[in-house]
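All of these numbers come straight from a predicted model, not from anything done at the bench. Residue numbers start from 1 in every chain, and the chains themselves are labelled A, B, ... in the order their sequence lines are given, proteins ahead of strands.
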Amino acid sequence: MRDRRPLYLMTPALGWLTAFMVVPCLLILGLAFFRRGLYGGIEYTLTWENIRLVFDPLYAGIFLKSAWIAGLSALIAVVLGYAAAYAIAAMPRRHQPLLLFFAVLPFWSNYLVRTYAWIVLLNREGLIVHLARLLGFEGELPSMLYTETAVVVGLVYNYLPFVILACYAPLSRLNPEVSEASRDLGAGGWTTFRRVVLPMTVPGIATGFTFVFVLSIGNFVTPALLGGGQFQMIGNLVYAQFLTANDWPFGAALSIFLIAIMMGLLTLQTFASEKASGGRNA
Amino acid sequence: MRNAPLPLMLAILAAVFAFLYLPISVLVALSFNDGGLPTAWTGFSTRWYAELFSNADIIGAALNTLIVAVVSTILATLFGTLLAVGVEIRRRKGRFLETIIFAPMIIPDIVLAIALLSFFSLLGVTMGLHTIILAHVVFNLAFVCSVVRARLKTFDWSIVEASTDLGAPTLTTLRRVILPVLSPAIVAGALLAFTLSVDEFVIAFFTAGAGRASTTLPMQIFAMIRFGVTPEINALATIVMGISVLALTLSQRLNRGGLPGQ
Amino acid sequence: MTLLSLQNLQKDFGKMRAVDDVSLDIAGNEFFALLGASGSGKTTLLRMLAGFELPSAGRILLDGRDIAQIPPNKRPVNLMFQSYALFPHMSVAKNIAYGLEMEHLPRAEIRSRVGDILETIQLSALANRKPDQLSGGQRQRVALARALVKRPRLLLLDEPLGALDKKLRGDMQLELKRIQADFGITFIVVTHDQEEALVMADRIAILKDGALLQVGTPHDIYEHPTSRFAADFIGVMNFFPVHSDGTILRADDGTQIAAPIPPGLTGAAIAAIRPERLHLDGYASENALTARVTALAYHGLDLQLHVETPLSPRPVILRLTADQAESRAPRPGDTVTLGWSARDTRVFPA
């Protein structure tokens with residue numbers, strides 16, 4: 001009796017998740033091992049070809065490029081986000097919830113809108129160019145939109161609020177007596193930060209980094225809008241396989257690698273959190 | 001941290017908040033710029049809002065978005081709440097179960113999008129608003145579930161036993177004891193789901209099928225951005241942001257600290 | 001001889017005065033207790049000594065040198081925090097070595113000093129454990145070792161036994177005293193627990209509203225409280241409202257009470273007497289009083305008797321040793337005659 005009750009409460013949701021998440025994902029897993037049909041359909045003969053193609057220098061290069069962009073974005077977001085979280089945690093307690101609320105607020109406005117805002121700023125006729133002209137900058141300005149930098153800025157901008165949230169959590173839980181103990185034992189402010197505060201807040205950093213990396217590497221909206229046509233990341237590649245090139249099996253194979261990267265990182269992140277907390281309480 | 005240098009901390013906060021708010025403030029300001037161009041302020045005007053409301057495509061997309069968001073929120077709130085209660089009643093925690101529930105929140109949207117696209121087309125399902133709704137319920141129910149579970153973590157289960165002890169059957173206990181206590185979290189979860197659904201682009205884009213009939217607002221915005229910037233977008237962006245911010249503020253007020261990640 | 005000298009020390013937080021004109025000399029090798037209720041300013045005083053708060057006025061002289069402006073990491077003073085504040089990501093040995101590493105000592109010396117102190121606190125076997133794998137008592141000893149290993153001139157302990165259970169607390173009181181004697185370091189302990197202060201300290205300072213109320217040995221403080229607050233705060237005390245005309249003390253019902261009256265004390269006053277100074281042989285005493293027993297409370301070695309008297313609305317508490325209780329155990333409802341001598345009575349202004 002006691003064990004059956006939770007089951008029927010969970011049935012609708014678990015059924016839904018199975019039908020519209022688990023099964024489709026398994027389908028993708030299977031799809032990756034079939035051949036592409038002549039006119040874009042699927043030919044049901046087994047092959048390793050799609051997996052092998054992922055390691056083709058052309059596509060492996062796009063993977064590396066995406067990982068580089070995602071890693072750089074995650075790194076910058078973590079540095080900025082940690083600094084912001086630290087500053088919020090240094091403010092008087094009663095102001096902290098409001099500051100945090102306003103730090104996270106932009107995260108809940110539309111992703112496309114936030115990305116579009118940067119087009120307005122970075123555009124050849126955009127605000128930044130205009131400002132530079134007003135400040136007396138003459139001559140041809142380098143194009144800022146449709147560059148790697150624009151993509152990184154867009155990704156950082158979009159995911160920064162989450163990183164602030166993730167880093168604030170362990171910082172606010174930090175017992176102030178612990179950093180005082182470090183000072184009392186003879187450590188200066190910087191040493192205290194490096195040897196005590198930073199190691200104790202690694203879980204937040206790991207969570208923030210993982211989140212930005214995972215969302216960035218599979219992103220196709222930001223590269224499409226801020227990177228223009230010149231620029232391909234895995235997300236765009238997957239998009240193309242399904243919507244233009246019509247090579248679903250190869251698109252499926254690419255997705256599997258995306259999921260693998262994501263799972264690998266999540267495992268690392270769990271590991272980092274457990275190590276920082278001293279092994280017992282996660 | 002009490003010893004952190006205050007001027008430096010304030011400088012960091014000012015810089016980060018400027019970075020976060022300047023771009024969207026520019027959009028909001030431009031939406032009221034009569035000329036519509038970012039380079040010159042030609043006077044305050046609401047003409048772009050007026051044009052927006054006379055654009056049939058946008059009104060249609062907004063209606064579609066509303067349908068998707070409302071229906072998927074209702075389903076997700078129902079399923080997500082039941083799931084949360086079910087999972088928390090179970091004493092034994094299954095790692096597999098946790099993964100399944102957690103997955104929709106972290107799986108890259110493009111992966112879920114193409115998986116569902118393949119799934120629907122192999123089954124021969126005609127895609128449209130209904131397939132978007134099916135897809136949105138997947139991640140929405142996970143978010144509702146996580147908000148409700150956060151509340152259940154501090155839930156005093158002995159009141160359930162008290163209700164049973166006083167003779168109430170399980171469903172009566174659920175209706176008269178558990179749900180009333182959970183209602184702020186449930187409403188907060190529903191608002192969150194609604195916001196997510198209104199804003200969601202990638203999955204909708206892949207599961208909407210062909211044709212304009214099932215275009216949602218984010219899809220409309222994407223198309224507008226790609227095929228030329230018109231000042232109307234600024235107005236549309238401002239409205240969409242306003243709605244999300246409103247929903248989030250409400251959700252926070254109802255359920256302090258219940259957002260995922262907090 | 002004087003190690004630490006506080007001169008007119010004061011600390012304000014906005015309009016609130018947390019520490020009010022405290023002057024105090026503490027000798028080398030002394031075990032000193034700052035005793036006060038929460039909000040009495042004792043923790044603020046300790047934090048000024050450690051360097052985490054700057055005094056608003058006054059001087060802190062350590063070995064004759066004013067250290068009030070020196071940052072905490074540059075003072076030969078260490079603090080054992082109330083929460084212990086162990087670094088959760090470092091092992092026991094690393095926690096203890098931390099302070100020595102800050103002094104840039106050679107590795108070999110650090111290793112041997114950490115080893116020695118682990119030996120002293122009997123935790124050598126747990127050197128590689130993380131703090132959250134330790135019991136409360138073990139954590140407390142690690143925190144103590146971490147501060148002690150630096151051989152400070154002065155060790156500050158903020159409620160060192162507060163987080164321990166009662167049994168362990170008793171053991172640790174003696175342990176702390178032994179360690180203090182062995183290391184020959186001056187200890188200043190902040191506590192709200194008067195029993196702890198009485199057991200451990202060579203001298204006690206009672207703080208109230210940021211000011212020093214009384215400083216003295218445990219015996220002085222217990223037997224000769226100089227204020228009603230101190231009398232009430234330390235141990236158990238019976239109080240009777242009385243009236244003084246300068247030479248004679250009378251209770252509200254007119255009973256005359258024999259007691260030494262402080263010079264110049266007239267008007268409303270309070271007479272105080274310790275439970276163990278009361279006895280049941282009232283007829284042979286300077287003060288005698290008929291009372292009715294209302295309750296008995298068994299405390300192991302002794303028996304507490306609650307009696308009703310006409311002198312006070314509150315029940316008077318009387319302590320009998322097990323032997324006394326054996327020979328004549330009163331029962332609730334019995335009428336007894338209380339007695340006590342004049343010199344055991346303290347009189348304070350009301």
Apply side chain to side chain contact (heavy atoms under 4.5 Å, CB included) to the pair A:Y8 and B:L82, showing each step before the final yes or no. CA-CA 9 Å; A:Y8 77 73; B:L82 291 178; over 6 Å; no

For B:T81, is it the side chain, the backbone, both or neither that has a heavy atom under 4.5 Å from a heavy atom of chain A? neither

Proximal component of A:L121, with respect to chain B [non-hydrogen, under 4.5 Å]: side chain

Pairwise distance OG1(A:T11) to CZ(B:F79) - rounded to 0.5 angstrom: 11.0 Å

Shortest non-hydrogen contact from B:L116 toward A:F20: CD2-O, 3.3 Å

Most heavy-atom pairs under 4.5 Å with chain A, out of B:T195, B:L117, B:V240, B:L112, belong to B:L117

Identify which part of A:I164 has an atom lying under 4.5 Å from any heavy atom of chain B, answering side chain, backbone, both or neither. side chain

Contact between A:L225 and B:R226 at the side-chain level, heavy atoms closer than 4.5 Å - yes or no? yes

Can you confirm whether B:F201 sits close enough to A:Y111 that some side-chain heavy atom of one is under 4.5 Å from a side-chain heavy atom of the other? no

Look at A:P106, A:P161, A:G218 and state which one has the largest set of heavy-atom pairs under 4.5 Å with chain B. A:P106

Among residues 134-141 of chain B, which ones touch chain A with a heavy-atom distance under 4.5 Å? B:L134, B:V137, B:V138, B:L141

If I measure from the heavy atoms of chain B, does A:I217 come under 4.5 Å with its side chain, its backbone, both, or neither? neither

Heavy-atom distance under 4.5 Å to chain B: side chain of A:F211, backbone, both or neither? neither

Looking only at B:L22, B:V111, B:L20, most heavy-atom pairs under 4.5 Å shared with chain A are made by B:L20

Once you measure the plane-to-plane angle for A:W118 and B:F19, does it fall in the parallel (<30°), tilted (30-60°) or perpendicular (>60°) bin? tilted

To the closest 0.5 Å, what do you measure between CZ (B:F17) and CG (A:L105)? 10.0 Å

Heavy-atom closest pair (A:C25 atom, B:I107 atom, distance to 0.1 Å) is SG-CD1, 3.8 Å

Answer with side chain, backbone, both or neither: which region of B:L196 has an atom nearer than 4.5 Å to a non-hydrogen atom of chain A? side chain

Picking from B:M9, B:M241, B:E200, which has the most non-hydrogen pairs under 4.5 angstrom with chain A? B:M9

So which of A:L80, A:L99, A:L26 has the largest heavy-atom pair count under 4.5 angstrom toward chain B? A:L99

Geometric class of the A:Y239/B:F206 ring pair [parallel <30°, tilted 30-60°, perpendicular >60°]: perpendicular

Taking every heavy-atom pair that is under 4.5 Å apart, which of A:L31, A:I28, A:N110 has the most such pairs with chain B? A:N110

Greatest number of heavy atom pairs closer than 4.5 Å to chain A - which of B:I12, B:I114, B:L122: B:I114

Please look at B:I100 and chain A and tell me whether the side chain, the backbone, both or neither of the residue comes under 4.5 angstrom of a heavy atom of that chain. both

Sort A:L215 into side chain, backbone, both or neither according to what part of it lies under 4.5 angstrom from a heavy atom of chain B. neither

Answer whether the closest heavy-atom distance between the side chains of B:D199 and A:W108 falls below 4.5 Å. no

Is there a side-chain contact between A:Y157 and B:I24, using heavy atoms and a 4.5 Å cut-off? yes

Between A:V113 and B:A237 the two heavy atoms that sit nearest each other are CG1-CB, 3.4 Å

With respect to chain B, which residue among A:G189, A:P92, A:A103, A:G235 yields the maximal number of heavy-atom pairs within a distance under 4.5 Å? A:A103

Are any non-hydrogen side-chain atoms of B:V16 and A:L160 less than 4.5 angstrom apart? yes

Of the backbone (N, CA, C, O) and the side chain (C-beta and beyond), which part of A:L29 lies under 4.5 Å from a heavy atom of chain B, both, or neither? neither

For A:W248 and B:S121, the nearest pair of non-hydrogen atoms, with its separation, is CH2-OG, 3.0 Å

Between B:S244 and A:S109, what is the shortest heavy-atom contact and its length? CB-CA, 4.1 Å

Let's test your reading of the structure: which of A:L243, A:V22, A:V23 forms the most heavy-atom pairs below 4.5 Å with chain B? A:L243

Within-4.5 Å side-chain heavy-atom neighbours: B:L10 and A:M91: yes

Leading residue by heavy atom contact count with chain B [cutoff under 4.5 Å; candidates A:L14, A:I256, A:T192, A:V214]: A:L14

Donor-acceptor contact present, side-chain B:Y21 to main-chain A:F102, <3.5 Å: yes

Residue pair A:I234 / B:I110, side-chain heavy-atom distance below 4.5 Å: no

By a 4.5 Å heavy-atom criterion (distance strictly below it), what part of B:L78 contacts chain A: side chain, backbone, both, or neither? neither

Specify whether A:F220 and B:F222 have parallel, tilted or perpendicular ring planes, treating 30° as the upper limit for parallel and 60° as the lower limit for perpendicular. perpendicular

